[in-house]
Amino acid sequence: MSSVCRLMVTLSNSLPRNHGLFLCSPQSSSIGFRSFRRSYVAASSSAFANENREFVIVGGGNAAGYAARTFVEHDMANGRLCIVSKEAYAPYERPALTKGYLFPLDKKPARLPGFHTCVGSGGERQTPDWYKEKGIEMFYEDPVTGIDIEKQTLTTNSGKQLKYGSLIIATGCTASRFPDKIGGNLSGVHYVRDVADADSLISSLEKARKVVVVGGGYIGMEIAAAAVGWKLDTTIIFPEKHLLPRLFTPSLSKRYEELYQENGVKFLKGASIKNLEADSGGHIAAVKLEDGSAIEADTVIIGIGAKPAVGPFEMLGLNTNVGGIQVDGQFRTSAPGIFAIGDVAAFPLKMYDRVARVEHVDHARRSAQHCIKALLSAQTHTYDYLPYFYSRVFEYEGSPRKVWWQFFGDNVGETIEIGNFDPKIATFWVDSGKLKGVLLESGSTEEFELLPKLARSQPSVDKAKLQNASSVGEALNIARTSLQV
């Protein structure tokens with residue numbers, strides 16, 4: 001989730017970098033949508049005795065799980081709601097796949113049913129039995145392949161025809177892949193988007209000696225940290241000058257790079273890959289660079305970003321700058337009765353007056369809840385999201401140092417960095433005298449809770465005082481005081 005799809009906003013290369021992390025369409029957030037009607041298909045007296053469904057969710061990730069919970073909270077799920085998913089499992093907290101799921105087998109790795117939604121936010125664990133108990137019909141491993149908007153009908157891969165009253169698209173993203181012609185489909189080359197992907201990678205890690213991670217974003221950093229836990233020779237290759245350039249400043253990146261290097265990870269920065277080379281058996285053997293050199297590898301993980309899984313829903317209207325299905329502040333698409341949430345939705349980012357598409361679990365949860373409440377109740381206010389990203393790595397048992405940072409707001413303006421990364425460090429983004437964003441590593445609960453208050457309030461701050469702070473704690477106190485002015 002960025003090189004890492006679940007954690008980043010999709011950026012438009014056509015826009016200048018000084019727009020910060022959340023680059024998006026230059027259009028205003030006041031998007032014109034024609035009036036919406038709600039049409040429902042009456043449910044049979046015996047639930048789902050025919051192919052009519054009052055509510056259908058397409059997708060089986062975080063957003064689908066949190067949407068289902070919101071339907072249940074409004075007593076509108078039993079016999080009315082159906083979820084159609086390409087996944088083999090009930091919705092789960094996807095961030096676990098590049099964190100705890102990849103821990104070595106002797107270091108207490110995460111496994112299902114332990115991380116089904118909605119445990120990531122402190123909610124109930126929604127196992128397959130939970131969906132049965134709530135009267136929610138589940139179609140697993142049967143992705144939607146077609147839609148007839150006029151007839152309000154979906155077609156699935158197995159040939160099912162499902163009529164819907166209201167449709168919620170929660171299809172998320174798919175991993176960006178290397179083309180087959182340069183070795184993107186070789187044995188031993190991995191992409192991590194679902195449990196099957198992660199299981200395949202674990203099978204490789206169990207036998208691996210030399211691992212190459214392609215991509216210096218969220219996914220690359222998290223998977224490389226997991227490989228360290230397996231005590232494997234690990235190299236990260238990326239074309240940029242430093243790690244996570246969409247968010248980290250060069251000086252902040254240097255701190256994290258040094259930490260990874262202390263754990264044995266090697267970096268090849270500013271490198272371009274020509275192709276992936278196979279051995280005589282068709283298994284990955286090396287990563288060949290454009291300069292003619294080659295890095296030996298028996299396991300390669302590609303983490304170069306993601307694409308919105310628009311599938312058959314392209315006709316609903318896509319945002320050409322950030323990708324994804326265009327929606328309004330209630331997550332309504334251009335078609336009556338059809339909504340899009342989570343990673344796949346291009347929505348108005350109200351507080352910054354621009355359109356964004358956010359690939360992050362926090363947005364998946366919140367957009368699902370907002371959309372379903374708007375659908376089922378009198379809620380009419382516009383979604384008002386505060387961008388938030390985080391990462392947690394080196395958290396396996398026996399790790400000498402755990403890493404956990406959080407970022408809130410917008411990374412625009414000049415930066416002020418406080419702290420020595422021992423373990424704390426904070427970066428503040430100040431634009432026209434106002435605090436726009438803040439990143440904190442290894443904060444206390446109280447300190448982390450302060451960050452969204454600062455980012456949403458955007459208080460005026462005394463830059464000189466902030467720059468002269470002797471510690472992270474003092475800097476945060478200065479920022480906290482600015483809230484009261």
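These numbers come from the heavy atoms of this one structure, side chains and all, not from hydrogens, waters or symmetry mates. Nothing here was measured: the structure is a model prediction, and the numbers come from that model.
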Check your understanding: Got T235 and V213 here, is their nearest side-chain heavy-atom distance under 4.5 Å?
Key -> no
Practice item. Indicate yes or no: does K269 engage E257 in a salt bridge with an N to O separation below 4.0 Å. Key: yes
**Study point:** Separation of L252 CG from L247 CG (nearest 0.5 Å)
**Key:** 7.5 Å
**Study point:** Charged N-O contact under 4.0 Å between R193 and D197
**Key:** no
Point to revise | H363 ring center within less than 6.0 Å of Y385 ring center | key: yes
Exercise for review: Can you establish whether the number of heavy atoms outside K463 located under 6.0 Å from its atom NZ is more than 12?
Suggested key: no
**Study point:** Full working for side chain to side chain donor-acceptor pair (under 3.5 Å) between Y101 and D199
**Key:** CA-CA 9 Å; Y101 201 86; D199 285 342; 2.6 Å; yes
Point to revise | side chain to side chain donor-acceptor pair (under 3.5 Å) assessment of Q126 paired with Y92 | key: CA-CA 8 Å; Q126 297 169 194; Y92 53 87; over 6 Å; no
**Study point:** Pair Y218 and W405, ring centroids less than 6.0 Å apart
**Key:** yes
Review point. Could K274 and E290 be called an ion pair, given the rule that one side-chain N must be under 4.0 Å from one carboxylate O?
Key: no
Review point. Are any non-hydrogen side-chain atoms of K373 and T70 less than 4.5 angstrom apart?
Key: yes
Review point. Roughly how far, to the nearest 0.5 Å, is CG of L451 from CZ of F407?
Key: 10.0 Å
Check your understanding: Looking at F408, is R456 sitting on its ring face, NZ or CZ under 6.0 Å from the six-membered ring centre and within 45 degrees of the normal?
Key -> no
Practice item. Would you name the heavy atoms of E447 and L440 that are closest together and state the gap between them? Key: CB-CD2, 3.7 Å
**Study point:** Charged N-O contact under 4.0 Å between R366 and D384
**Key:** no
Check your understanding: Counting heavy atoms not belonging to K86, are there more than 12 under 6.0 Å from its NZ?
Key -> no
Practice item. Decide, yes or no, whether a salt bridge links K210 with D233 under the criterion of side-chain N to carboxylate O below 4.0 Å. Key: yes
Review point. Is the shortest heavy-atom distance from the side chain of Q330 to the side chain of T380 under 4.5 Å?
Key: yes
**Study point:** Heavy-atom side-chain contact between I169 and I341 under 4.5 Å
**Key:** no
Practice item. Please find out if less than 6.0 Å separates the ring center of Y191 from that of F178. Key: no
Practice item. Please report the closest heavy-atom contact between K107 and G229, naming both atoms and the distance. Key: CE-O, 3.5 Å
Point to revise | E296/R209 ion pair, N-O < 4.0 Å | key: yes
Review point. Can you find a side-chain donor-acceptor pair between H190 and T299 that sits under 3.5 Å?
Key: no
Exercise for review: Establish, for the pair R255 and Y260, whether the NZ or CZ atom is under 6.0 angstrom from the six-membered ring centre and no further than 45 degrees off its axis.
Suggested key: no
Exercise for review: Would you name the heavy atoms of V361 and P95 that are closest together and state the gap between them?
Suggested key: CB-CG, 3.7 Å
Point to revise | Closest heavy-atom pair and its distance - D298, I284 | key: O-CG2, 3.4 Å
Review point. Considering the options F339, F331, F71, which one meets the side-chain contact (heavy atoms from CB on, under 4.5 Å) requirement together with I372?
Key: F71
Practice item. Decide side-chain contact (heavy atoms from CB on, under 4.5 Å) for S442 and F421; before the verdict, give the C-alpha distance in whole Å, the side-chain angles of both, and the deciding distance to 0.1 Å. Key: CA-CA 9 Å; S442 298; F421 202 59; over 6 Å; no
Check your understanding: Taking atom CD of E240 and atom OG of S253, what is their separation to the nearest 0.5 Å?
Key -> 10.0 Å
Practice item. Evaluate the side-chain proximity of E93 to V119: yes if any heavy-atom separation is below 4.5 Å, no if none is. Key: yes
Practice item. Could you tell me how the ring of W404 sits relative to the ring of F448: parallel (under 30°), tilted (30 to 60°) or perpendicular (over 60°)? Key: tilted
Review point. What's the spacing between R357 CZ and L318 CG if we round to 0.5 Å?
Key: 10.5 Å
Check your understanding: What's the shortest heavy-atom distance between V322 and A346, and which atoms?
Key -> CG2-CB, 3.8 Å
Point to revise | Residue pair K266 / Q261, side-chain donor-acceptor N/O under 3.5 Å | key: no
**Study point:** All pairs passing side-chain hydrogen bond (donor to acceptor under 3.5 Å, both in side chains) where residues 175-188 contributes a residue, at least two apart
**Key:** S187-H283
Check your understanding: Does the separation of the ring centres of H370 and Y383 fall below 6.0 angstrom?
Key -> yes
Revision key, fill the gap. Closest non-hydrogen contact found for F394 with S399 is O-OG, 2.7 Å
Practice item. State whether K99 and E222 are salt-bridged, where the test is any N-O pair (Lys NZ or Arg NE/NH1/NH2 against Asp/Glu carboxylate O) under 4.0 Å. Key: yes
Check your understanding: Do E474 and R480 meet the salt-bridge criterion of a basic N to acidic O distance under 4.0 Å?
Key -> no
Practice item. Just say parallel, tilted or perpendicular for the rings of Y388 and Y390, cut-offs at 30° and 60°. Key: parallel
Check your understanding: Rounded to the nearest 0.5 Å, what separation is found between the OG1 atom of T249 and the CG atom of N411?
Key -> 10.0 Å
Check your understanding: Are side-chain heavy atoms of F389 and D362 found at a separation under 4.5 Å?
Key -> no
Practice item. Enter the distance from I237:CD1 to I295:CD1 here, rounded to the nearest 0.5 Å. Key: 5.5 Å
Check your understanding: Less than 4.5 Å apart, any side-chain heavy atom of V403 and any of E441?
Key -> yes
Point to revise | Test item: T333 and F313 side chains (from C-beta on) under 4.5 Å apart, heavy atoms | key: no
Practice item. For E446, look at atom CD and say whether over 12 heavy atoms of other residues, nucleotides or ligands are found less than 6.0 Å away. Key: no
**Study point:** Backbone of A309 reached by a side-chain donor or acceptor of T171 within 3.5 Å
**Key:** yes
Review point. Quick one: does N319's side chain have a donor or acceptor within less than 3.5 Å of a partner on N321's backbone?
Key: yes
